[in-house]
Amino acid sequence: MLNLRMDRRTSDVTIERTENPDELSITARVCPAVEHIRKLSTPLAPNYEWITSVVHETICEDTPWRAEFSNWDPQTGACIQHFVRKEAAK
Amino acid sequence: MISCTEFIPSYSLLFTWLENKVDYDEVVRYWEYLGRISTGKLEAAVKEKGLFGCWEYWKAALNEEAADFVMEIHINEDGTGYLASDMRYCPSMGRLLEYDHFEPHHDYCAHCDVIYPIVLDKYGIRSAPRTLDVQRAACAISLHMDEPPAPEVAAAGWQAALKELENAEAEAITAWVD
């Protein structure tokens with residue numbers, strides 16, 4: 001008998017809005033892409049997180065918004081992605 | 001083209017509208033109609049590869065839908081075996097539970113119980129009763145091929161299963177033979 005087992009989890013991500021309309025936080029506890037790469041025993045590229053942080057910063061260029069990226073964990077892909085209005089951040 | 005964010009509530013609201021307009025049996029007749037006209041991909045897969053066609057069909061569908069699930073297939077060379085699916089979070093029902101501006105159809109989940117067996121029964125695949133936890137958008141089902149299909153179908157399914165075995169690691173699929 002041939003047996004196959006596929007276990008797929010959706011990403012553990014929450015999007016949070018505070019009472020402040022000028023900020024938005026995205027908290028990823030597990031990144032499915034990083035999890036998949038780890039399962040394959042493939043080394044994660046150095047600065048892998050730039051695919052998120054740099055893209056967000058670039059999207060926000062010349063807009064009233066600023067993107068922040070923190071709490072990166074290369075083992076799980078966990079991170080906090082924060083968007084805030086530049087004026088409100090002053 | 002309609003996005004899933006609009007399709008799922010529209011689908012549920014159509015069931016509710018049909019039931020209000022006629023009755024529950026009319027909703028079931030609609031599901032039966034869908035089972036006849038909208039299962040072409042599944043039917044093609046099952047017709048060619050038997051039970052393994054179910055694995056290929058739901059593997060593609062559930063990954064596309066980003067479902068949270070575990071699926072297993074245990075298949076013999078003669079094509080008999082079973083497939084078990086444990087849906088931890090159905091993206092369709094899950095989305096409906098997140099809405100608070102309308103009530104999902106009271107028996108929304110039942111459409112799966114009607115639509116798919118119509119085509120599976122034709123090819124000798126028995127659906128065991130499904131366990132449901134609607135409020136958690138969870139369910140579990142198993143499909144059984146109790147009698148061997150035609151030899152060419154069993155062979156096609158077995159060859160496809162062996163190929164999946166070869167690629168299992170790359171696809172993060174656990175595989176073993178016993």
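Convention: sequence-line order gives letters A, B, ...; per-chain numbering from 1. Values below: every heavy atom of this structure, side chains too, minus hydrogens, waters and symmetry copies.
Contact annotation for B:Leu162: both backbone and side-chain heavy atoms come within less than 4.5 Å of a heavy atom of chain A. With a threshold of 4.5 angstrom between heavy atoms, B:Glu169 approaches chain A through N, CA, C or O but not through any side-chain atom. Heavy atoms of B:Tyr82 lying under 4.5 Å from chain A are absent altogether. Only the side chain of B:Asn63 comes within contact range of chain A, with at least one heavy atom under 4.5 Å from a heavy atom of that chain.
The 12-atom threshold is not exceeded at OH of B:Tyr33, counting heavy atoms of other residues, nucleotides or ligands nearer than 6.0 Å. In B:Asn167, the CG atom is crowded: over 12 heavy atoms of neighbouring residues, nucleotides or ligands sit closer than 6.0 Å. The environment of CD in B:Glu147 is sparse: at most 12 heavy-atom neighbours from other residues, nucleotides or ligands sit within 6.0 Å. Other residues, nucleotides and ligands place no more than 12 heavy atoms under 6.0 Å from the CZ atom of B:Arg136. The neighbour count for B:Trp176 CH2, taken as heavy atoms of other residues, nucleotides or ligands under 6.0 Å away, is above 12. Surrounding NZ of B:Lys47 are at most 12 heavy atoms belonging to other residues, nucleotides or ligands under 6.0 Å away. Around atom CD of B:Glu32, more than 12 heavy atoms belonging to other residues, nucleotides or ligands sit under 6.0 Å away.
For the options B:Ala67, B:Ala168, B:Gly81, heavy-atom pairs under 4.5 Å to chain A are most numerous at B:Ala67. Interface summary for chain A: among B:Asn76, B:Asp86, B:Thr80, the most heavy-atom pairs under 4.5 angstrom belong to B:Asn76. For chain A, the option among B:Leu62, B:Leu83, B:Thr174 with the highest count of heavy-atom pairs below 4.5 Å is B:Thr174.
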Show your reasoning for whether side-chain contact (heavy atoms from CB on, under 4.5 Å) applies to A:Asp7 and B:Arg88.
CA-CA 10 Å; A:Asp7 189 339; B:Arg88 288 184 294 240; 2.6 Å; yes
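Note: B:Phe69 CZ to A:Met6 CE = 5.5 Å, rounded to the nearest 0.5 Å. The line from CZ of A:Arg5 to CD1 of B:Ile173 is 12.0 Å long, rounded to the nearest 0.5 Å.
Hydrophobic cluster membership is shared by B:Phe7 and B:Tyr99, with clusters built from Ile, Leu, Val, Met, Phe, Trp and Tyr side chains linked at under 4.5 angstrom. Hydrophobic clustering of Ile, Leu, Val, Met, Phe, Trp and Tyr side chains at less than 4.5 Å, counting indirect connections, unites A:Leu2 with B:Ile125.
Remark: side-chain polar atoms of A:Asn3 are not paired, donor with acceptor, to backbone N or O of B:His74 under 3.5 angstrom.
Just one of B:Val177, B:Asp178, B:Ile73 meets the side chain to side chain contact (heavy atoms under 4.5 Å, CB included) condition when paired with A:Met1; it is B:Asp178.
Taking all atoms of both residues into account, the shortest heavy-atom contact from B:Ala175 to A:Leu4 is CB-CD2, 3.5 Å.
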